[in-house]
Structures are given as C-alpha cells and as structure tokens.
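Structure record follows, encoded as structure tokens.
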Amino acid sequence: MFVSLPSRRKPTLRWATPLLFAALWLAFLWAATRPEPAHGSLLLEWGALSGGLSTPEAWMAALRDGSASRLFTALFLHADWAHLLGNLVFLLIFGLPAERTMGPWRFLILFLLGGAFSNLAAALSIGAPDRVIIGASGAVSAVIGAYLALFPRAKLGVVLPLGLFLEFVKAPASLLIGIWALLQVIFAYIGPAFGAVAWSAHIAGFLFGVVFALLVRAAIARRLRKRQGY
C-alpha cells in the first residue's frame with residue numbers, strides 16, 4: 001500500500017513577478033521625469049536599435065562594447081503610460097500563476113530571455129536602421145506563450161469593476177490572450193508611435209515562451225511532485 005504524505009514545506013514565495021512589476025513601474029517613472037532632451041537620449045542609449053546584430057562580426061563588436069545588453073535594458077523602457085499599463089496588467093494576470101507553477105527563477109529567466117529574443121527578432125525584421133525598440137511586450141508575450149503551452153484549457157480569475165461593485169469571474173486564458181492582442185493594436189494607434197508595432201517581437205516572444213515551456217515541462221513536473229511530497 002502506498003500512502004501519499006502531504007508536504008510540510010511552505011509554499012514558495014512568488015517574488016519574481018512583483019519584482020518585475022516594480023522594476024518596470026519605477027523605470028518608467030524615472031524616465032518620464034527626465035527633461036525632454038535627456039529622455040530622448042535615454043531611449044537612444046538604452047533602447048535596442050534595428051539594423052544591427054545581423055552578422056557574427058556585429059555580434060562580436062556588440063559583446064565587446066556592451067551594446068548587446070540593450071536587448072535587455074529595452075524591456076524596462078516604455079513609450080507612454082498606456083504602453084506600460086497594458087504590459088503590467090497582463091504580467092500580473094499570467095505572471096503570477098505561471099511563476100507559481102514553474103518557480104521564480106525559471107520564470108525570471110523566461111521573462112528576460114524571452115524579452116531579449118523578441119527584441120532581437122524586431123531588430124532584425126525592421127527594415128529601417130537605427131529604429132528604437134522599447135517595451136516589455138515581447139517578454140509578456142513569452143509569458144503568455146509559456147502559460148498557454150502549459151495550460152491550454154485553463155481559466156483565470158479576473159476581477160471586473162461593475163459600477164460600485166467588483167465582480168470575480170473566470171475567463172478562458174485564450175479569451176484573455178485575444179484581449180491582449182487587441183489592446184496592443186489599440187495602444188499602438190493612440191500612442192506617440194502611430195501604427196508602429198513590432199509584431200515580429202510579439203510573435204517571436206510568444207513562440208519563445210511555447211518552446212521554453214515544452215523544454216522545461218519535465219523539470220516543472222518534478223518540481224510540483226516534490227512540492228506535493230512524492
């Protein structure tokens with residue numbers, strides 16, 4: 001007879017999603033309070049640029065002078081509050097349950113590598129050189145892709161403000177992903193970069209998240225079994 005003994009371990013603290021949320025928000029506030037000339041220079045200095053990293057020689061030069069780090073720093077810069085808000089909301093919706101499943105360190109790696117990969121895809125696909133690429137949309141797309149690969153039929157709890165009351169409803173993850181894609185289009189056409197959406201970054205980030213989830217699925221299963229005590 002085999003008896004499952006419940007684990008006495010305390011639930012793992014989910015710190016990666018709140019940390020990323022705070023970092024994105026603080027970085028936006030810091031950049032937004034800079035004077036206009038300094039703000040533009042900040043985007044040019046820390047944002048990813050198109051037209052580079054297409055040859056091994058360009059990669060070697062970028063690694064030597066540190067400009068390759070722009071693929072990561074660009075994740076923490078946003079064009080305006082609408083651009084930031086859309087990313088923060090869906091980071092919380094999909095990030096918290098994804099982190100609970102895969103663990104904080106694995107989730108942090110997914111966000112950073114997925115975001116850098118999506119920025120690289122945008123930099124290589126945009127025809128015009130020296131176009132600034134900023135925002136965490138590609139990283140959030142990677143989180144969404146990973147969550148959908150792990151839980152294709154999942155439903156997520158959402159709190160909706162209905163007048164003076166807050167209503168808790170469960171919505172299919174696929175529906176929320178559709179809303180995410182629609183908001184990206186809306187924010188693009190109300191923001192300063194009219195119609196300029198790096199769709200290659202969204203697609204690349206989403207595919208990265210799916211592949212990442214499939215590669216680490218066995219490790220996640222072992223983690224969950226260990227947490228349950230068997």
Side-chain angles (χ1 to χ4, degrees), residues 11-29 75-115 117-118 134-163 165-188 190-191 197-199 201-214 216-217 220 223-224:
T12 304
L13 178 65
R14 285 177 284 178
W15 53 264
T17 302
L19 177 64
L20 291 170
F21 184 95
L24 292 171
W25 182 253
L26 292 175
F28 175 77
L29 291 179
L75 299 174
F76 299 91
L77 300 174
H78 288 81
D80 56 9
W81 66 266
H83 189 198
L84 172 71
L85 183 61
N87 285 329
L88 290 182
V89 169
F90 282 86
L91 174 62
L92 291 179
I93 291 176
F94 288 94
L96 290 173
E99 182 183 352
R100 181 177 62 242
T101 300
M102 64 178 57
W105 286 108
R106 192 174 286 113
F107 177 81
L108 189 61
I109 292 173
L110 166 66
F111 184 91
L112 294 176
L113 291 185
F117 180 78
S118 65
I134 57 175
S137 299
V140 175
S141 297
V143 173
I144 293 175
Y147 186 88
L148 189 63
L150 293 172
F151 310 105
R153 299 180 181 86
K155 291 186 177 182
L156 294 172
V158 181
V159 178
L160 298 178
L162 299 177
F165 303 96
L166 296 177
E167 185 71 21
F168 180 84
V169 298
K170 283 190 174 182
S174 57
L175 174 62
L176 295 175
I177 293 173
I179 296 175
W180 154 258
L182 178 62
L183 287 177
Q184 295 307 301
V185 177
I186 295 175
F187 290 158
I190 66 173
V197 181
W199 291 111
H202 293 74
I203 297 173
F206 185 86
L207 294 177
F208 181 95
V210 171
V211 173
F212 181 90
L214 295 178
V216 302
R217 185 167 52 182
I220 293 174
R223 177 181 180 274
L224 294 177

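Since the model is a prediction, treat every value here as computed from it, not as a measurement.
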Would you give the length of the straight line joining atom [atom1] of [X] to atom [atom2] of [Y], rounded to the nearest 0.5 angstrom?
{"X": "Ile134", "Y": "Leu75", "atom1": "CD1", "atom2": "CG", "value": "11.0 Å"}
{"X": "Phe206", "Y": "Ile144", "atom1": "CZ", "atom2": "CD1", "value": "8.0 Å"}
{"X": "Phe90", "Y": "Leu85", "atom1": "CZ", "atom2": "CG", "value": "10.0 Å"}
{"X": "Phe76", "Y": "Leu20", "atom1": "CZ", "atom2": "CG", "value": "6.0 Å"}
{"X": "Leu150", "Y": "Met102", "atom1": "CG", "atom2": "CE", "value": "5.0 Å"}
{"X": "Asp80", "Y": "Leu84", "atom1": "CG", "atom2": "CG", "value": "9.0 Å"}

*Heavy-atom distance under 4.5 Å between the side chains of Phe111 and Leu91, does that happen here?*
yes
If I compare all heavy atoms of [X] with all of [Y], which pair ends up nearest, and what's the gap?
{"X": "Gly145", "Y": "Val210", "answer": "O-CG2, 3.4 Å"}
{"X": "Ala213", "Y": "Ala146", "answer": "CB-O, 3.6 Å"}
{"X": "Ala136", "Y": "Leu24", "answer": "CB-CD2, 4.1 Å"}

*What orientation do Trp25 and Phe28 show, parallel under 30°, tilted 30 to 60°, or perpendicular over 60°?*
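Ring orientation of Trp25 relative to Phe28: tilted.
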*So Phe208 and Phe212, would you call those rings parallel, tilted or perpendicular, with 30° and 60° as cut-offs?*
parallel
*So, for Trp105 and Trp15, is the gap between ring centers shorter than 6.0 Å?*
yes
*Apply the test side-chain contact (heavy atoms from CB on, under 4.5 Å) to residues Ser118 and His202: give CA-CA distance (whole Å), side-chain angles for both, the deciding distance (0.1 Å), then the verdict.*
CA-CA 7 Å; Ser118 65; His202 293 74; over 6 Å; no
*Apply side-chain contact (heavy atoms from CB on, under 4.5 Å) to Ile93 and Val89, showing your working.*
CA-CA 6 Å; Ile93 291 176; Val89 169; 3.8 Å; yes
*I would like to know whether Leu148 and Phe94 meet side-chain contact (heavy atoms from CB on, under 4.5 Å); could you show each step before the answer?*
CA-CA 9 Å; Leu148 189 63; Phe94 288 94; over 6 Å; no
*Mind running side-chain contact (heavy atoms from CB on, under 4.5 Å) on Glu99 and Val143 for me, showing each step along the way?*
CA-CA 9 Å; Glu99 182 183 352; Val143 173; over 6 Å; no
